[in-house]
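All remarks here apply to the structure that follows.
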Amino acid sequence: MTGRLAVVGGHSLPPAPTLQEHVRRVDVAGEAPIGVIDRGDHVVLQRHGLDRYTPPHRIDHAANLRALIELGCDRVLAISSVGALRRELAVGTFLAASDFIALHALVTAFDDARGHRVPGFDLEWRERITSTWLRLTDVPLHDGGVYWQAFGPRFETPAEIRYLAAHADVVGMTMASECIVAGELGLRYAAVCVVDNLANGVGERLLTVEEFEAGTRASRLVLERVLDVVVPELVR
């Protein structure tokens, strides 16, 4: 591939690396400015921000992704923190999403007819990510599943989750919008979802923020190990 790889993530993404000689920070302008970590052979973008937290409904996806293009990126490995809509997708599960539902996501990078397009993941790029993950790591990756993008920033009620579970496998707040805009801008995009919690009402007790944060911390440790071996292959 001719361009650079961008790893874009949220809660489950390991913390930004300590700035070293081969690592620099690039600030991204937008409604809620954030920073990109340029690691030389690839870049890392924390969609919620490095210095302060930007909630899901305030993320400027177009500004973020345009900044990646300016840095020479042509493809995105997205990491998305999600809640499982099924008990069999236990906390700690990694799932390569194959489709999404985001009926309310009024997001586009354009104000003209360029927004009239068929959204979705880049299938060839998605296949490369999943095959590389399975070949180089011993961490299971669930191949396929539907992501439902909820409004956010609040979590869903048990009644809402029962409705979503009839149509999707996991629920999150950002990835579908990001995928839509990436496609508009010509970025190849695929996503790995990280189950950080059972959605509200799916488990034996109601979801708490503390439970969500505990799942996120545990997932980061495994994800960091996976990215250490997968990313060097994907940058080529």
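Counting from 1, the numbers follow the sequence of the chain as shown.
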Can you find a heavy atom in the side chain of [X] that is under 4.5 Å from one in the side chain of [Y]?
| X | Y | result |
| --- | --- | --- |
| Leu77 | Leu227 | yes |
| Ile79 | Val8 | no |
| Glu124 | Arg188 | yes |
| Ile180 | Thr108 | no |
| Leu103 | Ile101 | yes |
| Val170 | Leu89 | yes |
| Ile59 | His48 | yes |

Would you say [Y] ends up clustered with [X] if hydrophobic residues are merged whenever their side chains have heavy atoms under 4.5 Å apart, either directly or through other cluster members?
| X | Y | result |
| --- | --- | --- |
| Ile161 | Phe100 | no |
| Leu95 | Phe121 | yes |
| Val235 | Val229 | yes |
| Val171 | Val194 | no |

Provide the closest heavy-atom pair for [X] versus [Y] in the form atom of the first, atom of the second, distance.
| X | Y | value |
| --- | --- | --- |
| Tyr147 | Ser80 | CE1-OG, 3.5 Å |
| Ala109 | Val181 | CB-CG1, 4.0 Å |
| Gly3 | Asp74 | N-OD2, 3.0 Å |
| Val36 | Leu50 | N-CD1, 4.4 Å |
| Leu141 | Ala96 | CD1-N, 3.8 Å |
| Val139 | Val226 | CG2-CG2, 3.6 Å |

Item to check | Aromatic ring pairing Phe94/Trp133, orientation class (parallel under 30°, perpendicular over 60°, tilted between) | outcome: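 Phe94 and Trp133: tilted rings.
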Checklist entry - Between Thr174 and Gln149, does any side-chain donor sit less than 3.5 Å from a side-chain acceptor? => result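 There is no such pair between these side chains.
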Checklist entry - Any chance the side chains of Thr130 and Asp143 put a donor and an acceptor closer than 3.5 Å? => result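 Absent: no donor and acceptor within the cut-off.
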Looking at [X], I want to see if its [atom1] is surrounded by more than 12 non-hydrogen atoms of other residues, nucleotides or ligands under 6.0 Å.
| X | atom1 | answer |
| --- | --- | --- |
| Phe110 | CZ | yes |
| His167 | NE2 | yes |
| Asp112 | CG | yes |

Could you tell me whether [X] and [Y] make a salt bridge, using a distance below 4.0 angstrom between a side-chain N and a carboxylate O?
| X | Y | value |
| --- | --- | --- |
| Arg220 | Asp196 | no |
| Arg154 | Glu160 | yes |
| Arg86 | Asp169 | yes |

Checklist entry - Backbone N or O of Glu156 within a donor-acceptor pair of the Asn200 side chain at under 3.5 Å? => result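 Such a contact is found between Asn200 side chain and Glu156 backbone.
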Checklist entry - Counting only N and O atoms by type, is there a donor-acceptor contact under 3.5 Å from the side chain of Arg114 to the main-chain atoms of Leu185? => result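 Looks like no, no N/O pair under 3.5 Å.
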Next on the checklist: Which residues pass the side chain to side chain contact (heavy atoms under 4.5 Å, CB included) test with Glu233, not counting sequence neighbours?
Outcome noted: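 Checked Glu233 against side chain to side chain contact (heavy atoms under 4.5 Å, CB included); matches are Thr132, Arg135, Leu136, Arg236.
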Checklist entry - Under the side chain to side chain contact (heavy atoms under 4.5 Å, CB included) test, which residues partner Ala78, sequence neighbours left out? => result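 Partners of Ala78 by the side chain to side chain contact (heavy atoms under 4.5 Å, CB included) criterion, ordered by chain and then number, come out as Arg47, Val76, Glu178, Tyr189, Ala191.
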Next on the checklist: Determine whether the aromatic ring centres of residues His104 and Phe151 are separated by less than 6.0 angstrom.
Outcome noted: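 Distance test on ring centres: under 6.0 Å, yes.
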Item to check | Intermediate values then yes/no, salt bridge (Lys or Arg N to Asp or Glu O under 4.0 Å), Asp60 and Arg66 | outcome: CA-CA 10 Å; Asp60 190 339; Arg66 283 191 170 112; over 6 Å; no
